[in-house]
Amino acid sequence: MHRYSFPHEPVAHSDAIVGGTGKYRFTVLAEGLLRYEWAEDHQFEDRASVLAINRCLPVPEFRVKDDEDTIQIITSRFHLTYNKRNFSASGLIASVKGHFGPHSSVWRYGAPASNLGGTARTLDEIDGRTALENGVISRQGFATLDDSKSMLFDENQWVTTRQPGNRVDGYLFAYGHDYQQAIQAFYRLSGPQPLLPRWALGNWWSRYHAYTSEEYLELIGKFEENEIPLSVAVLDMDWHIVDDPRIKEAGVTGWTGYTWNKNLFPDPKAFMAALHEKGLRVALNDHPADGVQSYEEPYEEMAVALNHDTSMRDPIPFDITNKAFVDAFFDVLHRKFEKEGLDVWWVDWQQGKHSRIPGIDPLWVLNHYHFLDSALDTKRPLTFSRYAGPGSHRLPIGFSGDSCMTWDSLKFQPEFTATASNIGYGWWSHDIGGHFHGERSEEMLIRWVQLGAFSPILRLHSSNNVFSVKEPWNLSEPYQYVMTRYLNIRHRLVPYLYTMNARAAIEGIPLVRPMYWAYPEREEAYNVPNQYMFGSELIIAPVTAPVDASSRRSEVIAWLPPGRFVDLSTGIVYDGNRRLRLYRSIKKYPIFAREGAIIPTDGSPVLRNGCENPPVIELIVVVGADGQLELLEDDGKGQSVEQVKFRHTPISFHQDSHKLVIGPTQGCGPPKLHTRQWNVLLVGYKRHGQVQVSISTGNGTGVRTVQVEEGNVVNRRGLVLHLGSFPSHAEITVQLEKDPALDVQDPATDIIQFLREAQMNMDWKDIINSIVDGSKPKLTQISELHALPIPHHLLSPIYEILMADNRFCDPREN
């Protein structure tokens, strides 16, 4: 094994191959995944491509009918017919099995087909929407990926180009509306998403600003003073020299640099050690395109490594196609900074897809070898760079580029993030708050931070505009409070996020998924492109529009699937299986959890930097239906899911027996977590009887009294149980009263709160209050409200509250 080796098995099993002796070859890789190839010279490609690294998959069941002029391949998912001639729309056809409405679903080679989209290389300079590349799913039930021109890996796992000639190399995904299975087949072919280190899931601070080391450490101290946790400290390009006479003499931009700016950072090693001492990881920006100039500190060492003539002080050009340069790029340019304390490089490549060798995409090569190199010192490998095409999911985290600070950009990002899962790309990191241009709006920043709290990665970033300020304490109220709160919520969610991170790597289920993944036959699921599933337990309906000045609410169009849900930010219970309009103040965000949901969070009294496994876990539990979740943790060691020693803590809620069962924990982990404190937040639950906690341990069973808090908990109506500390081998059973359910709430309370905040005619407030005081049936209230001469935007938030939970009615209606 050499330094650039990676797991791959590109040669398919011979039993999966049909043809191959002539100009065509088919490989049945799975029941719904077919590779189709055409080669005029009869030479087919068995090397791994950047897309397809694993073709040696279990051979599925399929049948072949081979006549003189026709081949048919039949699996449980498709029926392919081919006329043994040049590939064409009339000669290469596959009928996809499944239910697709009144029409059959037929793929024809080369014919235009619909696609639900994948993602894009970057959002640089994008103000609003941008075109998306294709994913591997569509409502027609099939999708294709053309791999004919992608880069390959040779026998030494070095990138190379394809053979010249008339060639076709494509993949048909024929999974009908089983979208998740299509993505999982894609992962089997292209490799899984890797496991992210836990620290990547917290808050990242980044700003394009020429900090000094003292200023940066003071900034981190200010975050601590305001009790705002962080996990990653990012330095943009001013960490290296950018404004120096030697740069102007060389005629370069100064964007590329490998020499610390000692005026700003006189002792880089001590500076990074101080950040580590505060529990932070460190990232440095790298624009590598200009190579190494003669004024750079590592110039001489690079010249020796590459046998470069220094007599004329010529620069060493960047050449990612040259293995010797790549070796020196990591061993000379980068390793010095890593030894000083750097944790992850931010690869900021903006120079397009061309390199010295036509067909070799420098961004792809940078990302791939960066990822492999990051694992050399036994760290969990990680890159932070732009998307380079299908297969990039193996090289997280994605940097989406410099987007505009506008509401249109914010409005597109939830859809952009969710749709990326259609090509398996699960770890986008956006510039939260936008990067440049646009306008300064504290309200827009808050809505972006709220989105970031429920995104794959939350990374604050901005341009070097002196007025681009995102430090929470520099905002006015209530924005300072709300931003601080949601940055804390992000760190509270890390136990849940890490569990979903592990699930993504092990099971092939991305953290963020469009609604149609789970509800492919519901038209409504396709009509809410911004709404998405966040892990297994939550649905997010992002707010991407400003508040109305009168109602003090922003409007969101949403769809709730069948079931009953509670909004964790308001405590309001909603009946599902319907479209609805939601209205939220700046402090609230639509975070829906279904009955039976279990969300593990960090329950520590004070959140600290770094996202370590917490000593206190608070479980958010929504009663009303059975639910289960396995909390996954590890000790930070191991680079892949095969190497990591996970700690598994099963958690289940049983509606019929009204019990919550926690543990016992199994697996390896840090000794300090052998005893842990557990709290339970029963959202929307009102206690009517005694709550008992029984404990089953190796030493027997006992019963303990728990501390109980009732009322509004972190703006969520519910009941908090402080269970106490338990050894990891304990099985904790929380016994609730019979038939636990979400509390049926009187909507008048929330309506009165809305009326207090609304900027509207005082007499109207009195009239509305008299209508919704509970003395009239709900339908009568709605009818009377509808008859009032009051603008729709002031009545709609009231309608939402009145019609949220249909279980509430006046006693006289029973």
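Just the heavy atoms: all of them, side chains too, but no hydrogens, waters or symmetry mates, feed the values below.
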Chemist: Please name the pair of heavy atoms, one in Leu195 and one in Phe646, separated by the smallest distance, quoted to 0.1 Å.
Modeler: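 It is CD2-CZ, 3.9 Å.
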Chemist: With rounding to the nearest 0.5 Å, note down the distance linking CD in Glu612 to OG in Ser604.
Modeler: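 Going from the CD atom of Glu612 to the OG atom of Ser604 covers 11.0 Å.
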Chemist: For Arg198, is there an ion pair with Asp635 - N to carboxylate O distance below 4.0 angstrom?
Modeler: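 Answer for the salt bridge query: no.
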Chemist: Nearest 0.5 Å, what's the CD1-CZ distance between Ile432 and Arg459?
Modeler: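 Result: 8.0 Å between the selected atoms.
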Chemist: Hey, could you give me the CD1/CZ distance between Ile126 and Phe416, rounded to the nearest 0.5 Å?
Modeler: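 Output value for this atom pair is 9.0 Å.
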Chemist: Is the distance between the ring centroids of Phe329 and His334 less than 6.0 Å?
Modeler: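 They qualify: ring centres under 6.0 Å apart.
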Chemist: Between Trp407 and Phe412, is the gap from one ring center to the other below 6.0 Å?
Modeler: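 No, ring centres 6.0 Å or more apart.
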Chemist: Could you report the tightest heavy-atom contact between Pro510 and Gly426, atom names first, then the distance?
Modeler: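 Of all heavy-atom pairs spanning Pro510 and Gly426, the closest is CB-CA, 4.4 Å.
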Chemist: Fit a plane to each ring of Trp364 and His368, take the angle between them on a 0 to 90° scale, and name the class: parallel (under 30°), tilted (30 to 60°) or perpendicular (over 60°).
Modeler: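 Tilted, since the angle between the ring planes falls between 30° and 60°.
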Chemist: State yes or no: are the ring centers of Trp260 and Phe271 separated by less than 6.0 Å?
Modeler: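 No, the ring of Trp260 stays outside the 6.0 Å limit from the ring of Phe271, centre to centre.
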Chemist: Identify the residue among Trp349, Trp428, Trp346 that makes a ring pair (Phe, Tyr, Trp, His ring centres under 6.0 Å) with Phe399.
Modeler: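 For Phe399, the ring pair (Phe, Tyr, Trp, His ring centres under 6.0 Å) test succeeds with only one of Trp349, Trp428, Trp346, which is Trp346.
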Chemist: Are Trp199 and Val232 close enough, and set up right, to give a side-chain contact (heavy atoms from CB on, under 4.5 Å), and what steps lead you there?
Modeler: CA-CA 7 Å; Trp199 53 262; Val232 182; 3.5 Å; yes
Chemist: Please output the side-chain donor-acceptor pairs of residues 443-451 that fall under 3.5 Å, not counting sequence neighbours, one pair per line with the distance.
Modeler:
{"from": "Glu443", "atom 1": "OE2", "to": "Val547", "atom 2": "N", "distance (Å)": "2.5"}
{"from": "Arg447", "atom 1": "NH1", "to": "Gln450", "atom 2": "OE1", "distance (Å)": "3.0"}
{"from": "Arg447", "atom 1": "NH1", "to": "Ser585", "atom 2": "O", "distance (Å)": "3.3"}
{"from": "Arg447", "atom 1": "NH1", "to": "Lys588", "atom 2": "O", "distance (Å)": "3.0"}
{"from": "Arg447", "atom 1": "NH2", "to": "Ser554", "atom 2": "OG", "distance (Å)": "3.4"}
{"from": "Arg447", "atom 1": "NH2", "to": "Arg584", "atom 2": "O", "distance (Å)": "3.0"}
{"from": "Arg447", "atom 1": "NH2", "to": "Ser585", "atom 2": "O", "distance (Å)": "3.1"}
{"from": "Trp448", "atom 1": "NE1", "to": "Gln413", "atom 2": "OE1", "distance (Å)": "3.0"}
{"from": "Gln450", "atom 1": "NE2", "to": "Ile586", "atom 2": "O", "distance (Å)": "3.0"}

Chemist: Indicate whether the side chain of Asp348 and that of His287 have a donor and an acceptor atom separated by less than 3.5 Å.
Modeler: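 Yes, a side-chain donor-acceptor pair sits under 3.5 Å.
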Chemist: Would you call Asp361 and Arg121 a salt bridge, taking side-chain N to carboxylate O under 4.0 Å as the test?
Modeler: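 A salt bridge is present here (some side-chain N lies under 4.0 Å from a carboxylate O).
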Chemist: Quick check for you: to the nearest 0.5 Å, what is the distance between Leu196 atom CG and Met500 atom CE?
Modeler: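 Between atom CG of Leu196 and atom CE of Met500 there are 14.5 Å.
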Chemist: If you measure from CG on Leu306 to CG on Asn322, what distance do you get to the nearest 0.5 Å?
Modeler: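 Separation between the atoms: 7.0 Å.
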Chemist: Using side chain to side chain contact (heavy atoms under 4.5 Å, CB included) as the criterion, list what pairs up with His435, not counting sequence neighbours.
Modeler: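 If we apply the side chain to side chain contact (heavy atoms under 4.5 Å, CB included) test to His435, skipping adjacent residues, the hits are Asp402, Asp431, His461, Ser463.
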